[in-house]
Amino acid sequence: MTHEAGWAHAPGALRGPSWLRPPSDPNDLVPLLWSATATKVEGDLVVGGVSMSDLVAEHASPAYVLDEADFRARAGAFRDAFNDYDVYYAGKAFLCTEVVRWVKDEGLCLDVCSPGELLVALRADFDPARIGYHGNNKTVPELERAVEAGVGRIVLDSFAEIERLAEVAAQAGTTQGVMIRVTAGVEAHTHEYIATAHEDQKFGFSITSGDALEAVRRVLAAPGLDLLGLHSHIGSQIFDSSGFEVAARRVLALHARVSAELSVVMPEMDLGGGFGIAYTTQDDPSEPSRLAAEMTEIVAHECRALQVDPPRLSIEPGRAIVGPAMCTVYTVGTVKPVALDGGAVRTYVSVDGGMSDNIRTALYDADYSCTLAARRSDAPPVLARVVGKHCEAGDIVVRDEFLPGDVEPGDLLAVPGTGAYCRSMASNYNHSLRPPVIAVRDGAARVVVRRETEDDLLATDVGA
Ligand code: LLP
């Protein structure tokens, strides 16, 4: 808060953030932000060969539009670049049975972190042996279900869970593959990392405190648990490999220590997900091939120094696969010029969705961009704020974007980069209906998650 009347009144607010430059033509797409097949034809946004005005005419708005070819290409790019690794698609970013099938087709493994995600994976007949199961508070019934399903690896997160799973595996008379989630004392941020002496968060076993080594000992002592290796995930939306480097060094040091002191060679190691994507022109993500080369070199270098054989590595990208593959299409309902201190005017453009379909702007201060999706305009651009229709002033979809000054009710707006953590974190706030996910490919649109109905909304209200 930089002004007592709120951030909208802060001096200079209308200039927008420093990275946002007035576009030479606001009709143009910035390719980096869009899925590979997105293009404009006479002002109409076309994705997967489907025009967004046709799509909205048939399916209404708001709608998430998922570019199948783009999703598959990104999944394939990770598979090919990390061909010596196992690549687990992190389903928390976005999951539905259709996407599970694409993940399977593209030869990836799957990371789930809840019984619901496991259910979707199994419903789509995903090979359970290729599933990794996460979570910091898995219950006994959840563990039983995962073991019974034959999940390949369960990532252990607490001493209580080691005990629980050992018991569950013993009861089931099986041996369960497990990894141990460790915290490497690296706190990753966008564009930077801060090394901390001790991680103050709920996940994993701390390496520095000795808990991680103790967890290894306890797992080795449990007959029904097969220790596959250590797991480290340092954060999300990371652009620079130095955080991974520090984490890999510390995790490999523990890996080597286990081999030296306990004479146990763990065959695998997971370095987690978190690879950043471009939401706006300020972001500069790396290609999977570059990430793979950097990570492989970091691990090889450390292993040479520690004189251990490199374990088989795995990673868990979610956002970097599905994030850019989706956009959200909204219809503009109102355009309200709001006079600010000093006579400046901010153009508030209200759309038919908001924080219920994309909470990331409100929750993480995330930046997004958008474009007019169904017509060209030669009107000079104005700095607009795209807001939703919820009963909250913080219900912002795109904080700052230059839109043609004649933006008006009925216009379509499309926001790119909404594939990760938008539908998966969507809510029914204000009893809104969650939008559909419509897969587009080769000129055809296919609903893969349908729009919620009023019946869906009332289904759990026992008095309705
Ligand atoms: N592996 C583990 C153990 C994770 O916890 C996560 C994300 C991933 C992989 C995948 O990370 P990705 O590659 O998608 O960045 N809701 C937040 C992000 C939360 C990420 C949680 N864990 C957001 O909207 O930015």
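Just so it is clear, the structure is predicted and the values come from calculations on it, not from any experiment. Just so you know, ligand 1 is whichever comes first in the structure, and atom 1 is the first atom listed for that ligand.
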Discussion item. Tell me if the centroids of the rings in Phe126 and Tyr89 come within less than 6.0 Å of each other.
Written reply: no
Worksheet item: Got the closest protein heavy atom to atom 14 (O) of ligand 1, with its distance?
Response: Tyr421 OH, 2.6 Å
Discussion item. Please list the nearest protein heavy atom to atom 24 (O) of ligand 1 with its residue and the distance rounded to 0.1 Å.
Written reply: Arg360 NE, 2.6 Å
Worksheet item: Counting each atom of ligand 1 from 1 as listed, which ones have a heavy atom of Ser236 under 4.0 Å away?
Response: 11 (O), 12 (P), 15 (O), 20 (C)
Worksheet item: Quick one: which ligand 1 atoms are inside 4.0 Å of a heavy atom on Gly274?
Response: 11 (O), 12 (P), 13 (O), 15 (O)
Discussion item. Check this for me: does any side-chain nitrogen of one of Glu98 and Arg101 sit under 4.0 Å from a carboxylate oxygen of the other?
Written reply: yes
Fill in: Main-chain N/O of Gly274 paired with Gln237 side-chain donor or acceptor, under 3.5 Å
no
Discussion item. Whether the side chain of Asp352 engages the backbone of Gly333 through a donor-acceptor N/O pair (distance < 3.5 Å, no angle test) should be reported.
Written reply: no
Item to complete: Using a 4.0 Å heavy-atom cut-off, say whether Tyr364 meets ligand 1 through its side chain, its backbone, both or neither.
Response: side chain
Worksheet item: Does the ring center of Phe275 lie less than 6.0 Å from the ring center of Phe78?
Response: yes
Worksheet, complete the sentence: If we number the atoms of ligand 1 from 1 as shown, the ones under 4.0 Å from a heavy atom of Glu316 are 1 (N), 2 (C), 3 (C), 8 (C), 9 (C), 10 (C), 13 (O)
Fill in: Arg164: partners by side-chain hydrogen bond (donor to acceptor under 3.5 Å, both in side chains), with sequence neighbours left out
none
Worksheet item: Contact between Ala420 and ligand 1, counting heavy atoms under 4.0 Å?
Response: no
Fill in: Glu287 and Ser289 side chains, donor-acceptor separation under 3.5 Å
no
Worksheet item: Among His134, His231, Arg319, Gln237, which residue places a heavy atom closest to atom 25 (O) of ligand 1?
Response: Arg319
Practice prompt. May I ask whether Ala320 has any heavy atom positioned less than 4.0 angstrom from an atom of ligand 1?
Written response: no
Worksheet item: Taking only heavy atoms of Asp111, which atoms of ligand 1 are found under 4.0 Å from at least one of them?
Response: 1 (N), 9 (C)
Discussion item. Can you name the atoms of ligand 1, numbered from 1 with element, that are less than 4.0 Å from a heavy atom of Arg181?
Written reply: 3 (C)
Worksheet, complete the sentence: Among non-hydrogen protein atoms, atom 8 (C) of ligand 1 lies closest to His233 CE1, 3.5 Å
Discussion item. Quick check on contacts: which atoms of ligand 1 are under 4.0 angstrom from a heavy atom of Pro317?
Written reply: 13 (O)
Practice prompt. Name the orientation class of the two ring planes belonging to Tyr429 and His390 (parallel below 30°, tilted from 30 to 60°, perpendicular beyond 60°).
Written response: parallel
Worksheet item: Against heavy atoms of Gly318, which atoms of ligand 1 measure under 4.0 Å?
Response: 12 (P), 13 (O), 14 (O)
Worksheet item: Quick check: does any side chain N or O of Asp105 sit under 3.5 Å from a backbone N or O of Trp102, one acting as donor and the other as acceptor?
Response: no
Discussion item. If you take the nearest heavy atom of each of Ala90, Gly204, Ser232, which one is closest to atom 10 (C) of ligand 1?
Written reply: Ala90
Practice prompt. Look at atom 21 (C) of ligand 1 and say which protein heavy atom is nearest, naming residue and atom and giving the distance to 0.1 Å.
Written response: Lys92 CD, 4.1 Å
Item to complete: Taking the side chain as every heavy atom from C-beta outward, state whether Leu383 and Leu20 have any atom pair closer than 4.5 Å.
Response: yes
